[in-house]
Amino acid sequence: MKLLDADPFHFPFHREKIALVVIDMQRDFVEPGGFGASLGNNVELLQKIVPTVRNLIDGFRAAGLTIVHTRECHKPDLSDCPPAKRERGNPALRIGDYGPMGRILVSGEPGAEIVPELAPHPGELVIDKPGKGAFYATPLSGWLEERDISHLVFAGVTTEVCVQTSMREANDRGYHCLLAEDATESYFPEFKQAVLNMIRAQGAIVGWTAPTSKIVDALH
Ligand code: C5J
């Protein structure tokens with residue numbers, strides 16, 4: 001049993017039962033011309049965490065542990081994109097429209113790919129998800145059960161949308177969840193801070209948080 005120095009208190013875990021879930025570090029959210037930018041967001045904030053996410057991934061790779069990468073994207077015919085999602089708001093480009101990185105949030109398009117610095121290695125799991133949560137309409141539950149995983153470390157973007165949704169889904173499914181504080185980011189810094197506060201409040205009601213350096217140190 002290992003003990004990770006986390007908030008609001010120590011996070012105990014068995015090394016062979018922990019996995020990393022990196023949420024949606026895709027060009028569509030992190031680079032200009034993608035989905036995030038089409039909604040009027042400044043993507044530079046998200047670009048800044050790429051080296052930290054890489055350190056976290058490298059720590060899990062060095063320890064030989066399970067790594068899951070997710071991508072929010074839809075089938076080319078958009079049959080898995082509810083009209084309520086596509087028609088929401090007034091973005092410059094809608095899901096499925098052509099932009100500088102191909103069709104917005106469509107699988108197989110350049111914008112849907114994970115940024116090159118964080119590209120999955122062979123053997124790492126890649127989940128294409130049509131929703132904000134990583135468990136909705138994906139094989140993630142089964143893949144984690146097959147590997148006897150009980151503890152999940154979350155990273156990626158954006159903190160209050162896909163990361164928080166996935167972490168709450170995991171918490172409800174019985175996983176012990178920890179969010180890497182400096183390996184997640186939002187277009188809205190105050191939303192990120194609110195999520196960190198919310199998840200660890202009330203005795204870790206959704207989970208724990210810790211900085212990447214402490215997580216990586218605890219893996220060895
Ligand atoms: C959003 C995500 N923000 N990956 N997706 O729409 O958080």
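Not measured: the values here are computed from a predicted model. As a basis for the values below, the full set of heavy atoms in this structure was taken, side chains included, without hydrogen atoms, waters or symmetry mates. Counting starts at 1 for both ligands and their atoms, in listed order.
- Of the heavy atoms in V157, only backbone atoms (N, CA, C, O) come closer than 4.0 Å to ligand 1.
- Nearest protein heavy-atom neighbour of atom 3 (N) of ligand 1: T158 OG1, 3.3 Å.
- Heavy-atom neighbours of R173 CZ from other residues, nucleotides or ligands within 6.0 Å: above the threshold of 12.
- Classification of K132 and E160 as a salt-bridged pair fails, no side-chain N sitting under 4.0 Å from a carboxylate O.
- With respect to atom 4 (N) of ligand 1, the closest heavy atom belonging to the protein is D24 OD2, 2.7 Å.
- Given atom 2 (C) of ligand 1, the protein heavy atom at minimum distance is C162 SG, 2.8 Å.
- Atom 5 (N) of ligand 1 has E72 OE1, 2.9 Å as its closest protein atom, hydrogens excluded (heavy atom only).
- At the shortest separation from atom 6 (O) of ligand 1 among protein heavy atoms lies K132 NZ, 2.8 Å.
- Remark: the D24 side chain and the T70 side chain contain an N/O donor-acceptor pair separated by less than 3.5 Å.
- Salt bridge status for R61 with E124: present, with a side-chain N to carboxylate O gap under 4.0 Å.
- Numbered from 1 in the order shown, with element, the atoms of ligand 1 that lie under 4.0 Å from a heavy atom of F29 read 1 (C), 2 (C), 4 (N), 5 (N), 6 (O).
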Run the side-chain contact (heavy atoms from CB on, under 4.5 Å) check on R71 and S107 step by step: do they pass?
CA-CA 8 Å; R71 305 184 290 204; S107 73; 6.0 Å; no
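- Of the possible polar contacts, one joining the E169 side chain to the A134 backbone as a donor-acceptor pair under 3.5 Å is found.
- Residue F35 places a heavy atom under 4.0 Å from ligand 1.
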